[in-house]
Asker: 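Input: one structure, supplied below.
Any value given below was found using the heavy atoms of this structure, including those in side chains, with hydrogens, waters and symmetry copies removed.
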Amino acid sequence: MAEELVYGQNPDHQRPDWDEYFMEIMETVAKRANCDRGRSAAVIVKDRRIIATGYVGAPAGLPTCDEVGHLIKVVYDERGGEHKHCVRTTHAETNAIAQAARHGTSIDGGTIFCRMAPCLDCTKLLINAGIRRVVCQKRYHADHDSLRFLEQAGVELVVLSDEHQEYAHQ
C-alpha cells in the first residue's frame, strides 16, 4: 500500500508569535532609514493589522544624511553628560504617527513596534496619540524619563533585551 502524503505538516517550521512577526516587519522597514546613526523603524499595529510604518529619515523632499551628511547638535543632560544627536532626521515613531495622521487613520489603542525604547519627545507623542503598548528590541541610552512617563500614562512597555542602543560619537 502506498504511503499517504500529508501536506502542511513541517515539525521544523517555527511560526513566529505576533510580537515576533511585527518585529521582523519592523526590521525590514528599518532598511529604508536614511541616517546611518539610527537605521531604525516603527510599525504601528491595531487589532493585529498594520496601520502605519515609519523609519528614521529626513523630512520628505529634503536632503538625507546618506546624501549630505549628518546635522549634529550637542545636548547636555542634567547629570552633565554630553550627547550628540543628528537633527536632520525625524525619529521612526514620529514618522509613523505622521503617516497615520496624513491618511486620517486613528492609532488610538494601538501597539508600536520599534528598535529601541522611544525618546522622551516620541514618548509624549505616543501617549497623546493613544498608543497603549510599546514593544522594542532594546533600551535607548537616554530613556529614563521615557520609561517613567510610559508607566505613569499606563502604557505597557515590553523590552525584549536590556541591552542599550549605542551610537558612534554619541
Side-chain angles (χ1 to χ4, degrees), residues 12-60 62 64-66 70 83 85-168 170:
D12 296 326
H13 174 67
Q14 296 289 324
R15 187 174 187 212
D17 66 27
W18 287 107
D19 284 357
E20 292 168 336
Y21 172 74
F22 290 119
M23 288 300 280
E24 288 176 19
I25 292 170
M26 182 275 301
E27 286 297 333
T28 298
V29 174
K31 293 176 183 177
R32 291 283 306 155
N34 54 46
C35 178
D36 66 0
R37 291 196 72 209
R39 297 219 191 270
S40 186
V43 175
I44 299 176
V45 173
K46 195 169 171 181
D47 300 324
R48 296 184 178 161
R49 301 289 179 256
I50 296 172
I51 302 299
T53 63
Y55 52 83
V56 172
L62 297 183
T64 71
C65 295
D66 289 346
H70 300 290
H83 304 280
H85 293 273
C86 178
V87 298
R88 183 177 307 286
T89 60
T90 303
H91 289 180
E93 299 88 344
T94 299
N95 278 330
I97 293 168
Q99 184 188 73
R102 186 174 195 165
H103 297 286
T105 305
S106 172
I107 60 174
D108 188 30
T111 297
I112 190 165
F113 294 85
C114 42
R115 167 89 29 93
M116 65 196 96
C119 73
L120 186 55
D121 286 337
C122 288
T123 294
K124 293 183 285 187
L125 287 170
L126 293 169
I127 291 168
N128 283 348
I131 290 293
R132 302 308 309 149
R133 187 167 180 257
V134 175
V135 180
C136 56
Q137 284 180 341
K138 57 181 91 170
R139 301 275 310 273
Y140 175 55
H141 68 89
D143 67 7
H144 53 279
D145 288 330
S146 299
L147 302 182
R148 185 168 46 91
F149 276 45
L150 290 169
E151 182 179 0
Q152 289 173 346
V155 176
E156 178 186 357
L157 174 65
V158 177
V159 181
L160 301 176
S161 167
D162 204 38
E163 175 188 351
H164 281 71
Q165 178 71 44
E166 301 291 333
Y167 299 104
Q170 178 164 295

Asker: Within the side chain of E93, is there an N or O that forms a donor-acceptor pair under 3.5 Å with the backbone of C122?
Answerer: no
Asker: Using modelled atom types only, decide if a donor and an acceptor are shared between the side chain of E20 and the backbone of D17 within a distance under 3.5 Å.
Answerer: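 Checked: pair present.
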Asker: Test side-chain contact (heavy atoms from CB on, under 4.5 Å) on C65 and T89; report intermediate values, then the result.
Answerer: CA-CA 8 Å; C65 295; T89 60; 3.7 Å; yes
Asker: Check V45, V135, T111, L160 against D19 for a side-chain contact (heavy atoms from CB on, under 4.5 Å) and give me the one that passes.
Answerer: V135
Asker: Identify the two heavy atoms, one from G54 and one from V29, that lie closest to each other, and give their separation to 0.1 Å.
Answerer: O-CG1, 3.7 Å
Asker: Please check if atom CZ in R148 has more than 12 non-hydrogen atoms from other residues, nucleotides or ligands closer than 6.0 Å.
Answerer: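 Atom CZ in R148 is crowded, with more than 12 foreign heavy atoms closer than 6.0 Å.
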Asker: Ignoring hydrogens, what is the shortest heavy-atom contact between M26 and V43? Give both atom names and the distance.
Answerer: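 Looks like CA-CG2, 3.6 Å.
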Asker: Can you name the closest pair of heavy atoms from S40 and M116 and give their distance?
Answerer: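 Here S40 and M116 meet closest at OG-CE, 4.2 Å.
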Asker: Just verifying a value: how many Å separate C136 SG and L157 CG, rounded to the nearest 0.5 Å?
Answerer: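 If we round to the nearest 0.5 Å, C136:SG and L157:CG are 5.0 Å apart.
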Asker: CG/N95 to CD1/I44 distance, rounded to the nearest 0.5 angstrom?
Answerer: 10.0 Å
Asker: Heavy-atom count check: over 12 atoms from other residues, nucleotides or ligands less than 6.0 Å from Q152 CD?
Answerer: yes
Asker: Between L147 and R139, is any pair of side-chain heavy atoms under 4.5 Å apart?
Answerer: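 Yes; the side chains approach each other to less than 4.5 Å.
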Asker: What is the distance from atom CD1 of I97 to atom CG of N128, rounded to the nearest 0.5 Å?
Answerer: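 So the CD1 of I97 and the CG of N128 are separated by 9.0 Å.
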Asker: Which atoms form the tightest heavy-atom contact between A42 and I112, and what is the distance?
Answerer: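 For A42 and I112, the tightest heavy-atom pair comes out as CB-CD1, 3.7 Å.
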Asker: Could you tell me if D36 and H70 have a donor-acceptor pair between their side chains, going purely by distance under 3.5 Å?
Answerer: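 Distance-only check passes for H70 and D36.
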Asker: Can you label the angle between the F22 ring and the W18 ring as parallel, tilted or perpendicular, going by 30° and 60°?
Answerer: parallel
Asker: Taking all heavy atoms of D143 and all of P118, pick out the closest pair and write down the distance.
Answerer: CB-O, 4.5 Å
Asker: Any non-hydrogen side-chain atom of E24 less than 4.5 Å from a side-chain atom of P16?
Answerer: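 Touching, per the 4.5 Å side-chain cut-off.
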Asker: When rounded to the nearest 0.5 angstrom, what distance separates CD1 in I107 from CG in L125?
Answerer: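 Reported value, rounded in 0.5 Å steps: 9.0 Å.
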Asker: Quick check: does any side chain N or O of R132 sit under 3.5 Å from a backbone N or O of G154, one acting as donor and the other as acceptor?
Answerer: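 At least one qualifying donor-acceptor pair exists.
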Asker: Step by step, work out the side-chain contact (heavy atoms from CB on, under 4.5 Å) result for Y55 and N34.
Answerer: CA-CA 8 Å; Y55 52 83; N34 54 46; 4.3 Å; yes
Asker: Apply side-chain contact (heavy atoms from CB on, under 4.5 Å) to the pair V155 and R133, showing each step before the final yes or no.
Answerer: CA-CA 5 Å; V155 176; R133 187 167 180 257; 5.6 Å; no
Asker: Roughly how far, to the nearest 0.5 Å, is CD1 of I131 from CD of E156?
Answerer: 12.5 Å
Asker: First locate atom CE of M23, then atom SG of C114, and finally report the distance between them rounded to the nearest 0.5 Å.
Answerer: 7.0 Å
Asker: Is D66 salt-bridged to R39, going by a charged N under 4.0 Å from an acidic O?
Answerer: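 Salt bridge: yes.
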Asker: So, for Y140 and C119, which heavy atoms are closest and what is the spacing to 0.1 Å?
Answerer: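 Smallest heavy-atom distance, with atoms named: CE2-CB, 3.8 Å.
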